[in-house]
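Numbered from 1 within each chain, the chains take letters A, B, ... in sequence-line order.
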Number of protein chains: 2
Amino acid sequence: MNTHADPYIESDFTDRQGAVLEAALGLLVEGGEKAITTAGIARAANCSKESLYKWFGDRDGILAAMITYQASKVRVSARLGGPSQSAEAFRAELEVFANDLLTVLSGETSLALNRLAIGQGSREGSVLGNLLIERGRKTVRERAMVLLQSGQLAGVLRFDDRAAAFDTLYSLVVGDFHVRMLLGETVPALRDELARKEHVEQAINRFHLFYSKDHMN
Amino acid sequence: MNTHADPYIESDFTDRQGAVLEAALGLLVEGGEKAITTAGIARAANCSKESLYKWFGDRDGILAAMITYQASKVRVSARLGGPSQSAEAFRAELEVFANDLLTVLSGETSLALNRLAIGQGSREGSVLGNLLIERGRKTVRERAMVLLQSGQLAGVLRFDDRAAAFDTLYSLVVGDFHVRMLLGETVPALRDELARKEHVEQAINRFHLFYSKDHMN
DNA sequence: TGTGTACCGTACCGTTCGGTACTATGTCAA
DNA sequence: TTGACATAGTACCGAACGGTACGGTACACA
């Protein structure tokens, strides 16, 4: 679900290490956390357990590396089109963002990693949870913030608290779909394309109802 | 618990079994899923492992029993005040509901059980996840549905799809607080009473903006 | 050619855990 | 009192897992 915007945080993983983490992610997606055994990863990735411990320290290190690796892989296309846009163009951009967000969140790998972090937490200060929030959610947030900013500059939106506006947008788009998917439910509104399109449109409509200049209450 | 308790609370657990499950829940809240070992439960509850297996079958049976037990304990007070209400009274009821919802979701036990179910899922068809949705979410849903129904009958609200209205209400009230708490973050808007009150009021305001008769768009 | 480095594959160790078996203790009913 | 039953406590077993050690191999570099 993630990228990292921090320029000085880079995925210092070699190709081999990346391949190993890829295999580990495959195991995770298929079998959940219990499937992530050091022996299992070594077998799936054709590497030695000794290398695993040399590269990642211990099992928890492997889990953390899986998150940062996936985050570095799913880089978000910034795609910010300057501040001069029509209301329609901006609305379309918002819809694209909402769709991307739902696509990422409903992805198998994202769900598996979130389940992993949630399952581990909050034991040990929820290291994985923090990692996931830091590397995943914050980049989505930043992309959205840029988007909202440009909407404001274009005169389409109006708000005092941009962060609050983002929270609203996120709530309207995602709702409790995320938790339900994490619990194993197949959310109907996300399965077929039509229902999903309708949902996104309604969410964006309502967002505009709150924050567009025409609809201020 | 079976004896001399609330007639509303029914579960097929004896007092002793309830006490054991209580101890297990304590372990879960304190130490996460890894703390739920059969030996640990037996020690904490002063019972024998043999009794655990006799009562609950196996470890997964214990986990499932913990969920159903907790669900049977937290039964929601229906408190439905008939359909003839003023708009203000109904609004107040909605706020009470929203507050109760946030209180339940941010409770340690609820969070721990959700983490447990999510961590196990979706392996094995996510039995625990279904159980949690079935026994937990649906009761909240039904209480809200009654509430919304009475709001409609009182002429305060208007909607075609009551379920969709509930989803909206849930999204506005809970937002992504739930996932963030599950990931171990302490959500600021839920910590102090003031911010929380503001959040609930805004959520209900917006809900009315969507569904009250005066604000239809 | 020799030497170091990185890695694989496997064997191994100590611990933990789920699950079972057995004994001891208490309780209730006839 | 006696016998049936439920449960606590403990000991035990086999499997799985995290982590370590070691031998063998390919390759780089001098």
Worksheet item: Would you say the side-chain atoms of A/Ser72 pair up with the backbone N or O of A/Tyr69, donor to acceptor, closer than 3.5 Å?
Response: yes
Practice prompt. Look only at the side chain of A/Arg196 and the backbone of A/Pro188, and say whether a donor-acceptor pair between them is shorter than 3.5 Å.
Written response: no
Worksheet item: Atom CG in A/Leu52, atom CG in A/Asp58: separation rounded to 0.5 Å?
Response: 11.0 Å
Discussion item. So that I know where these two stand, are B/Phe90 and B/Phe97 an aromatic pair - ring centroids less than 6.0 Å apart?
Written reply: no
Discussion item. Using whole Å, what does the distance between atom P of nucleotide C/dC8 and atom NZ of A/Lys54 come to?
Written reply: 10 Å
Practice prompt. Starting at atom NZ of A/Lys34, determine the distance to atom C1' of D/dA15, rounded to an integer number of angstrom.
Written response: 11 Å
Worksheet entry | Rounded distance (nearest 0.5 Å) linking atom CZ of B/Arg141 with atom OH of B/Tyr170 | 11.0 Å
Discussion item. Tell me whether the side-chain N/O atoms of A/Ser48 come closer than 4.0 Å to OP1 or OP2 in C/dT10.
Written reply: no
Worksheet item: With distance as the sole test, does B/His178 use its side chain to make a donor-acceptor pair with the main-chain N or O of A/Asp176 at under 3.5 Å?
Response: no
Worksheet item: B/Glu185: what forms a side-chain contact (heavy atoms from CB on, under 4.5 Å) with it, not counting sequence neighbours?
Response: A/Ile133, B/Arg180
Discussion item. Can you measure B/Leu52 atom CG to D/dA6 atom C1' for me and round it to whole angstrom units?
Written reply: 14 Å
Worksheet entry | Atom-to-atom span, CG of B/Leu63 to C1' of C/dG19 - whole angstrom | 15 Å
Discussion item. So, OP1 or OP2 of D/dT7: does either fall under 4.0 Å of a side-chain N or O from B/Trp55?
Written reply: yes
Practice prompt. Look at the side chain of B/Arg59 and the backbone N and O of B/Thr38, then say whether any donor-acceptor pair between them is shorter than 3.5 Å.
Written response: no
Practice prompt. Let me know the distance between CG of A/Asn46 and P of D/dA26, rounded to the nearest Å.
Written response: 16 Å
Worksheet item: Where along residues 35-45 of chain B does a heavy atom fall under 4.0 Å from DNA chain C?
Response: B/Ile36, B/Thr37, B/Thr38
Worksheet item: Given atom CZ of B/Arg59 and atom C1' of C/dG19, what is their separation to the nearest angstrom?
Response: 13 Å
Worksheet, complete the sentence: On a heavy-atom basis, the closest approach of A/Ser106 and A/Met181 is CB-SD, 3.6 Å
With 3.5 Å as the limit, what N/O pairs link the protein to nucleotides 20-24 of chain C?
{"residue": "C/dC22", "atom": "N4", "partner": "B/Glu50", "partner atom": "OE1", "Å": "2.3"}
{"residue": "C/dC22", "atom": "N4", "partner": "B/Glu50", "partner atom": "OE2", "Å": "3.3"}

Worksheet item: B/Asp58 has an atom CG; how far is it from atom P of D/dA15, in whole Å?
Response: 18 Å
